[in-house]
Amino acid sequence: MLLAGDVGGTKTLLGLFRRGEPRPAPADIESFVTLDFPGLEPMVREFLRRRQVDAARIAAACFGVAGAVRDQVAQLTNVPWRISGSDVKASLGFSHARLLNDLEALAYGVTTLGPAELCVLQAGRPAPTGNAAVVAAGTGLGEAILLNVDGRLVPGESEGGHADFGARTPRELDLVRELTRIYGRASVEHVLSGPGIVNLYQFTHDAFGPPSAGQPPAPARLCDALGDGAEVSELPARISKAAAAGACRQCVEAMTMFVSAYGAEAGNVALRAVATAGVFIGGGIAPKILPALQRGPFLDAFRAKAPLEALVASIPVSVILHEETGLLGAAVYAQYLSRKG
């Protein structure tokens, strides 16, 4: 039996998998609210207790975590957890355990996906010897590059979501000035994430509230299209719904800016990786706004990379539809660990 985890800023998926080809098969998966537990070990212990599974039955465990992993230690970016791979292995009694950056785990999962688990935005001309890349907006923004090594795509971790946001238009320059005033700098994640959608809403509505206790600012006011009583966590969905319905001009602008910036950043990563084997758009947001991604602004921004427009126009671009690809990728790596003996 293999144990896999996808540890996110909002929710964590844990799953038991059976070995299999071309990929492990899920046997039992459960979703947890991440901050309902003080750390990863108590959550895993509870998951196994409910299923009466002893650690001795786990051939290998792997966890994708939302943060940089250094020497098998990760301080999660949006959660006050510090996770040590060696501590997880020792305290839970696993034979093999490994931490991966969450986008590295997602990239391992991408290598096993079939056509029905992807939505093609740009068919391109995939190069069998090329590299690939993953860009995923959700609670935060994650990126990963898959290098082609002797015909096999090998994922590597990245914290590119915390790189500087590159403005392309006068309107985006104004946005950068506002984000810099609020946060001290403008990162890509300040725009391309769930909280990023809220930032864009506040920018287009001139409604930035003050930051409090180190937390991102909540809007000073909500427009009529969003209704009353919304929690901050509900706002990205409400904003995108209002934009899709054309119920608010500023909401439409916010989501148009989001989609265009998403395409531009995906194109940036495609160039940095020379991702001629494909760019994969992951995370929780993309499947929910798929019609918006299929329209012009995303691919227009993706391709606007003079003098290399022809290169990026030849790169396949797909949205990941498989909701548990990160968990699957952790299972793929756990299976690899189990074979190492």
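Counting from 1, the numbers follow the sequence of the chain as shown. No experiment lies behind these values; they were computed from the predicted model shown.
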Under 3.5 Å, side chain of [X] to main-chain N/O of [Y], donor-acceptor pair present?
{"X": "Asn131", "Y": "Ala273", "result": "yes"}
{"X": "Ser314", "Y": "Arg125", "result": "no"}
{"X": "Asp71", "Y": "Val73", "result": "no"}
{"X": "Asn101", "Y": "Gly67", "result": "yes"}
{"X": "Glu157", "Y": "Ala68", "result": "no"}

| message | Could you walk me through whether Asn199 and Leu175 satisfy the side-chain contact (heavy atoms from CB on, under 4.5 Å) test, starting with their C-alpha distance in whole Å, then the side-chain angles of each, then the deciding distance to 0.1 Å, before giving a yes or no? | response | CA-CA 9 Å; Asn199 284 335; Leu175 171 65; 5.7 Å; no
Measuring only between side-chain heavy atoms, which start at C-beta, is [X] closer than 4.5 Å to [Y]?
{"X": "Leu146", "Y": "Val134", "answer": "yes"}
{"X": "Leu311", "Y": "Thr276", "answer": "yes"}
{"X": "Ile239", "Y": "Leu200", "answer": "no"}
{"X": "Glu324", "Y": "Asp6", "answer": "no"}
{"X": "Ile58", "Y": "Ser95", "answer": "no"}
{"X": "Phe47", "Y": "Leu16", "answer": "yes"}
{"X": "Leu328", "Y": "Pro26", "answer": "no"}
{"X": "Lys288", "Y": "Ser240", "answer": "no"}

Would you compute the distance between atom [atom1] of [X] and atom [atom2] of [Y] and round it to the nearest 0.5 angstrom?
{"X": "Leu99", "Y": "Glu104", "atom1": "CG", "atom2": "CD", "answer": "10.5 Å"}
{"X": "Leu48", "Y": "Met43", "atom1": "CG", "atom2": "CE", "answer": "12.5 Å"}
{"X": "Leu192", "Y": "Leu141", "atom1": "CG", "atom2": "CG", "answer": "5.5 Å"}
{"X": "Asp174", "Y": "Leu179", "atom1": "CG", "atom2": "CG", "answer": "11.0 Å"}
{"X": "Ser84", "Y": "Glu41", "atom1": "OG", "atom2": "CD", "answer": "8.0 Å"}
{"X": "Lys89", "Y": "His96", "atom1": "NZ", "atom2": "NE2", "answer": "7.0 Å"}

| query | Which pairs pass side-chain hydrogen bond (donor to acceptor under 3.5 Å, both in side chains) with one or both residues in residues 243-262, sequence neighbours excluded? | reply |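 Sorted pair list: Arg168-Ser260, Arg171-Glu253.
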| note | The complete set of side-chain hydrogen bond (donor to acceptor under 3.5 Å, both in side chains) pairs with one or both residues in residues 136-148, sequence neighbours excluded, reads Thr10-Thr139
| query | Pairs in or reaching into residues 144-172: which pass ring-ring contact (aromatic ring centres under 6.0 Å, His included), with residues at least two apart or in two chains? | reply |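 Sorted result for residues 144-172: empty, none.
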| Does anything in residues 52-94 pair up under ring-ring contact (aromatic ring centres under 6.0 Å, His included), and if so which pairs, sequence neighbours excluded? |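 Every candidate ring-ring contact (aromatic ring centres under 6.0 Å, His included) pair involving residues 52-94 fails, so no pair, neighbours aside, qualifies.
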| query | Step by step, would you call Cys119 with Leu290 a side-chain contact (heavy atoms from CB on, under 4.5 Å)? | reply | CA-CA 9 Å; Cys119 176; Leu290 195 54; 3.9 Å; yes
Could you see if [X] belongs to whatever hydrophobic cluster contains [Y]? Use Ile, Leu, Val, Met, Phe, Trp, Tyr and a side-chain cutoff under 4.5 Å.
{"X": "Ile281", "Y": "Val191", "result": "yes"}
{"X": "Val69", "Y": "Leu92", "result": "yes"}
{"X": "Ile289", "Y": "Val319", "result": "yes"}
{"X": "Val332", "Y": "Leu103", "result": "yes"}
{"X": "Leu222", "Y": "Met255", "result": "yes"}

Can you tell me which residue pairs pass the salt bridge (charged side-chain N to carboxylate O under 4.0 Å, His left out) test with a partner in [range], sequence neighbours excluded?
{"range": "residues 19-29", "result": "Glu21-Arg339, Arg23-Glu117, Asp28-Arg51"}
{"range": "residues 294-303", "result": "none"}
{"range": "residues 182-193", "result": "Asp164-Arg185"}

Residues two or more places apart in sequence or in another chain: which of them pass side chain to side chain contact (heavy atoms under 4.5 Å, CB included) with [X]?
{"X": "Ala4", "result": "Phe17, Leu327, Ala330, Ala331"}
{"X": "Arg152", "result": "Val154"}
{"X": "Arg181", "result": "Glu178, Phe208"}

| said: Using the rule given for side-chain contact (heavy atoms from CB on, under 4.5 Å), can you reason through Leu100 versus Cys62, listing the C-alpha separation, both sets of side-chain angles and the distance that settles it, and then say yes or no? | reply: CA-CA 7 Å; Leu100 299 177; Cys62 179; 3.7 Å; yes
| note | side chain to side chain donor-acceptor pair (under 3.5 Å) filter on Thr325, not counting sequence neighbours, yields none
| request: Could you list the residues that satisfy side chain to side chain donor-acceptor pair (under 3.5 Å) with Lys305, not counting sequence neighbours? | output: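 In terms of side chain to side chain donor-acceptor pair (under 3.5 Å), with neighbours along the sequence ignored, Lys305 is linked to Asn268.
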| message | Testing Arg50, Arg49, Lys11 one by one against Glu30 for a salt bridge (charged side-chain N to carboxylate O under 4.0 Å, His left out), which residue passes? | response | Arg50
Do you know which two heavy atoms are closest between [X] and [Y], and how far apart they sit?
{"X": "Ala61", "Y": "Leu337", "value": "O-CD1, 3.8 Å"}
{"X": "Ala105", "Y": "Gly326", "value": "CB-O, 3.8 Å"}
{"X": "Gly8", "Y": "Ala66", "value": "CA-CB, 4.3 Å"}
{"X": "Leu14", "Y": "Val44", "value": "CD1-CA, 3.9 Å"}
{"X": "Ile182", "Y": "Gly209", "value": "CD1-O, 4.4 Å"}
{"X": "Pro24", "Y": "Gln335", "value": "CG-OE1, 3.7 Å"}

| task | Check step by step if side-chain contact (heavy atoms from CB on, under 4.5 Å) holds for Val312 and Leu271. | result | CA-CA 7 Å; Val312 290; Leu271 288 177; 3.7 Å; yes
| said: Surrounding CD of Gln75 (heavy atoms of other residues, nucleotides or ligands, distance under 6.0 Å), is the total greater than 12? | reply: yes
| Given Tyr183, Phe203, Phe258, the one that forms ring pair (Phe, Tyr, Trp, His ring centres under 6.0 Å) with His190 |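 Testing His190 for a ring pair (Phe, Tyr, Trp, His ring centres under 6.0 Å) against Tyr183, Phe203, Phe258 leaves exactly one candidate, Tyr183.
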